[in-house]
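Everything on this sheet refers to the single structure shown next.
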Amino acid sequence: MQGCDSSSVLYNNLPENEANEMIAILNKNGVQANKVINKQGVSVTVNARDFTSAISELNKQGYPKNIKENLGEVFSKDTMLSSPLEEKARYIYALSQEMESTLEQIDGVISARVHIVLAERIAPGDPVQPASAAVFIKHRDYLDPDIYENKIKELIITGLPGLMRNASTDTSVIFVNENSRDNAQEGLSEVKNSEVFSFIRKILTLLIFLCGSGWLVWKIINGKFKRR
């Protein structure tokens, strides 16, 4: 009993505002959570018996958040020399981080990922390959993708270099509802239930047919005996 009542650390070294959000989510879902402040940051603790459910609920809500780096932080890396390829990779990464941070400020967005391809010429004399972007949005139920898709595309097109304002076809946005797995499970259960009912109907139809056939055969045989 004492082991079941012990506290377990869910996550360490969190920003305090994020730790507060995680605790609020857990408390709202019936899991008692606490925070412990130390020099490295904040830790969130729960009762050991609630550890698994707490992890599951926080993951569903998109926590802990990935720490986003801005352009200044990315380009402040202490390196003596960087190749053009390394500089380009860091630049793309920094742009992605900036856009993801902006998208996650939209109410209803749990997490966002942005993948960027900058315009480039593969070989001398070749035409320049256009820039493109792909966006992944995990969102809550109340966010309507039909309302936000064009707005997100406009944000990406105007915020990334090389994307033309009329090149919305070069920007794709994928929305995933936080409850999509639950909906899929419900749909699968409905299919299984329909298959079971269909099987039962077939069995009942077969039994009725056999009973009717048996009754008809009995009537024929009984009629013949009576005539004799």
Go through Phe175 and Ile152 one step at a time and tell me if the side chain to side chain contact (heavy atoms under 4.5 Å, CB included) criterion holds.
CA-CA 11 Å; Phe175 293 89; Ile152 290 174; 3.8 Å; yes
For Tyr148 and Ile137, run side chain to side chain contact (heavy atoms under 4.5 Å, CB included): C-alpha distance rounded to whole Å, both residues' side-chain angles, the deciding distance at 0.1 Å, then the answer.
CA-CA 11 Å; Tyr148 280 95; Ile137 300 289; over 6 Å; no
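Annotation: side chain of Asn47 is not in contact with side chain of Ser8 (no heavy-atom distance under 4.5 Å).
Nearest heavy atoms, Lys153 versus Thr171: CE-O, 3.1 Å. Considering all non-hydrogen atoms of both residues, Gly108 and Leu143 come closest at C-CD1, 3.9 Å. The two residues Ala33 and Asn27 have their closest heavy-atom pair at N-OD1, 3.2 Å.
Linking Ile, Leu, Val, Met, Phe, Trp and Tyr whenever their side-chain heavy atoms come within less than 4.5 Å puts Tyr63 and Leu26 in one cluster. Following chains of ILVMFWY side-chain contacts shorter than 4.5 Å, one cannot reach Phe136 starting from Val114, and the two form parts of different hydrophobic clusters. Hydrophobic cluster membership differs between Leu58 and Val42, with clusters built from Ile, Leu, Val, Met, Phe, Trp and Tyr side chains linked at under 4.5 angstrom. In this structure, Tyr11 is a member of the same hydrophobic cluster as Val46, with clusters built from ILVMFWY side-chain heavy atoms closer than 4.5 Å.
Looking at Glu100 and Arg113, a side-chain N of the basic residue comes within less than 4.0 Å of a carboxylate O on the acidic one, giving a salt bridge.
No donor-acceptor pair under 3.5 Å is formed between the side chain of Glu178 and the backbone N or O of His139.
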